[in-house]
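Take this structure, written in structure tokens, and hold onto it; I'll ask about it next.
Worth knowing before you read on, the calculation uses all heavy atoms, side chains too, and leaves out hydrogens, waters and symmetry mates.
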2 protein chains.
Amino acid sequence: MTGDSDGRRTNTRQRIREVALELFAERGYDQTTLRGIADQLGVTQAAVYYHYRTKEDILTSLLDDLIEGMDKIIEWGPTLEPGPERRLGVLERYSALLAATFEKAPQLIRFLQESQTSIKDMAAGAGIRERFQGLKALLVDPAADIEEQLSAQLALLALHLGTFALDEVDADRGARGAAALRVAMRLAGAEHPAGRSRG
Amino acid sequence: MTGDSDGRRTNTRQRIREVALELFAERGYDQTTLRGIADQLGVTQAAVYYHYRTKEDILTSLLDDLIEGMDKIIEWGPTLEPGPERRLGVLERYSALLAATFEKAPQLIRFLQESQTSIKDMAAGAGIRERFQGLKALLVDPAADIEEQLSAQLALLALHLGTFALDEVDADRGARGAAALRVAMRLAGAEHPAGRSRG
DNA sequence: GTCTATACTGCGATAGAC
DNA sequence: GTCTATCGCAGTATAGAC
């Protein structure tokens, strides 16, 4: 549904997305200009406008797949009873979604994590926030105490960090993702059904 | 050293800081304009320029005290041997620093957390990043495995979240901060000297 | 499908009066 | 200490040629 690989004669549309994401992640959304994207692509700024009606549309197109994936998890979650098993399932699925996202858009999660403020007033940004809360609600009872809620939020954050943090450590994305999943499981109490909620 | 309460006849300088932070946190640094700050203050944009030479100077002044506080912890840390005791001390001190920061600038940590990308190219932003790494280095051996490094980073992040996350929960800042500290301690292995580094 | 050229807006910053 | 006025520039976006 993203609009790739239809009958187009060039791949400019896809290349715009790649370059835009690179610049978004590096300098932030606001400081990334359409001229900058066009320059790096070797086309003019007007050519970018041909493919995307606005700058925000580029961002939206970048987030499409991720939002769709989050929705799938949010739909699936309630088919299980609340508990460690569901928490585990949510974390595993989200971890897989982030890994898939990384394949197509390596810097997207970092960008989302570190530019929340600048995109929260746009539809796509608000959509991500909303779904993030939806995922969190699958991990922890909204009536639970602060410590548990914080832990649940951190569990999701751990998965995010797994896609971009610790670049300096000599480990590939897969190893980081796996480590992040373990940390997240521990935080959310997704492994040993007993023995949490008291420290 | 921030420049308050000297022999000035008005408090505009301080009020600029308050309004600026509010807007930075709400819309981000880039989307906050000097005109916007001036308008909310009921003065003109030129009046703002009288007190701060540039927009970046306002940001810098906002981060001064925090950076100073981080430096103190980074100086103090190495006086202890690496281990659970030091980790506990670092987390406690950082938690206290964040609480003090919250008193003077309630939204500062949220802003830093959610606008990293947009300020990382400015001196003050880079300074914060640097010190954050310094704190992390006091919590975990740079040669440790990914899982431990991720946990250490998450521990610091937990303290950040304690200052602004979970607004919806009915608990005051103190309770959130205390809960965050407990979660951070668990993450960093700052309570039970044995029993970590293997999951 | 991509270009040139340009309209329009709003930004940060400065000069100089009061 | 604050103002009015304005400069220079960069941003998004559009019209229309090729």
Side-chain angles (χ1 to χ4, degrees), chain A residues 2-62 115 117-119 121-125, chain B residues 2-24 26-62 115 117-125:
Chain A
T2 316
D4 293 66
S5 66
D6 41 51
R8 286 210 170 70
R9 304 211 296 281
T10 63
N11 63 340
T12 308
R13 196 179 163 84
Q14 170 59 20
R15 290 174 61 227
I16 288 173
R17 274 218 288 278
E18 288 167 12
V19 169
L21 174 58
E22 220 170 273
L23 296 178
F24 286 169
E26 194 183 309
R27 306 126 78 129
Y29 178 80
D30 294 314
Q31 285 186 46
T32 297
T33 71
L34 295 177
R35 272 191 255 268
I37 295 171
D39 285 356
Q40 184 136 338
L41 230 55
V43 301
T44 65
Q45 182 222 29
V48 174
Y49 269 98
Y50 173 78
H51 294 284
Y52 291 97
R53 221 175 42 77
T54 66
K55 185 183 174 184
E56 184 175 346
D57 277 0
I58 303 177
L59 177 66
T60 304
S61 118
L62 244 19
S115 303
T117 305
S118 61
I119 65 167
D121 287 331
M122 291 178 293
Chain B
T2 314
D4 291 67
S5 65
D6 41 51
R8 287 212 172 66
R9 303 210 299 279
T10 63
N11 63 341
T12 308
R13 196 180 163 85
Q14 171 57 20
R15 290 174 60 227
I16 288 174
R17 274 217 288 277
E18 288 166 13
V19 170
L21 174 57
E22 220 170 272
L23 296 178
F24 286 168
E26 195 184 308
R27 306 127 77 130
Y29 179 81
D30 294 314
Q31 284 187 46
T32 298
T33 70
L34 295 177
R35 274 188 252 268
I37 296 170
D39 285 356
Q40 184 137 338
L41 229 55
V43 300
T44 64
Q45 181 221 27
V48 175
Y49 267 98
Y50 173 78
H51 294 284
Y52 291 97
R53 222 175 42 80
T54 67
K55 185 183 176 185
E56 186 176 344
D57 278 1
I58 302 178
L59 177 66
T60 303
S61 117
L62 244 19
S115 302
T117 306
S118 61
I119 64 168
K120 75 158 175 240
D121 286 331
M122 291 177 294

Quiz item: Rounded to the Å, how far apart are A/I37 CD1 and D/dA10 C1'?
Solution: 15 Å

Practice problem: Specify the separation, in whole Å, of atom CG of A/D39 and atom C1' of D/dA10. | Solution: 13 Å

Practice problem: Indicate for each nucleotide in nucleotides 8-15 of chain C, in 5' to 3' sequence, whether protein heavy atoms under 4.0 Å reach the base (B), only the sugar-phosphate (S), or nothing (-). | Solution: ---BBBB-

Self-check item: d(OH, B/Y52; P, D/dT2) in whole Å
Solution: 13 Å

Quiz prompt | Reported CE-to-CG distance for the pair A/M122 and A/L59, which is rounded to 0.5 angstrom | solution = 5.0 Å

Quiz item: Quick one: OH on A/Y49 to CG on A/D57, what's the gap to the nearest 0.5 Å?
Solution: 10.0 Å

Practice problem: Using only side-chain N and O atoms of A/T12, determine if any of them is under 4.0 Å from OP1 or OP2 of C/dT2. | Solution: yes

Self-check item: Student check: side-chain heavy atoms of A/Y52 and A/S61 closer than 4.5 Å
Solution: yes

Quiz item: OP1, OP2 of C/dC3 versus side-chain N and O of A/T44: anything below 4.0 Å?
Solution: yes

Quiz prompt | Distance, nearest 0.5 Å, that separates CD1 of B/I37 from CD of B/E22 | solution = 11.0 Å

Quiz item: To the nearest Å, how far apart are B/Y50 OH and C/dA17 P?
Solution: 18 Å

Quiz item: Looking only at atom types and distance, does a side-chain atom of A/S118 sit under 3.5 Å from a main-chain N or O of B/G28, one as donor and one as acceptor?
Solution: no

Quiz item: At what distance, to the nearest 0.5 angstrom, does NE2 of B/H51 lie from CG of B/L41?
Solution: 8.5 Å

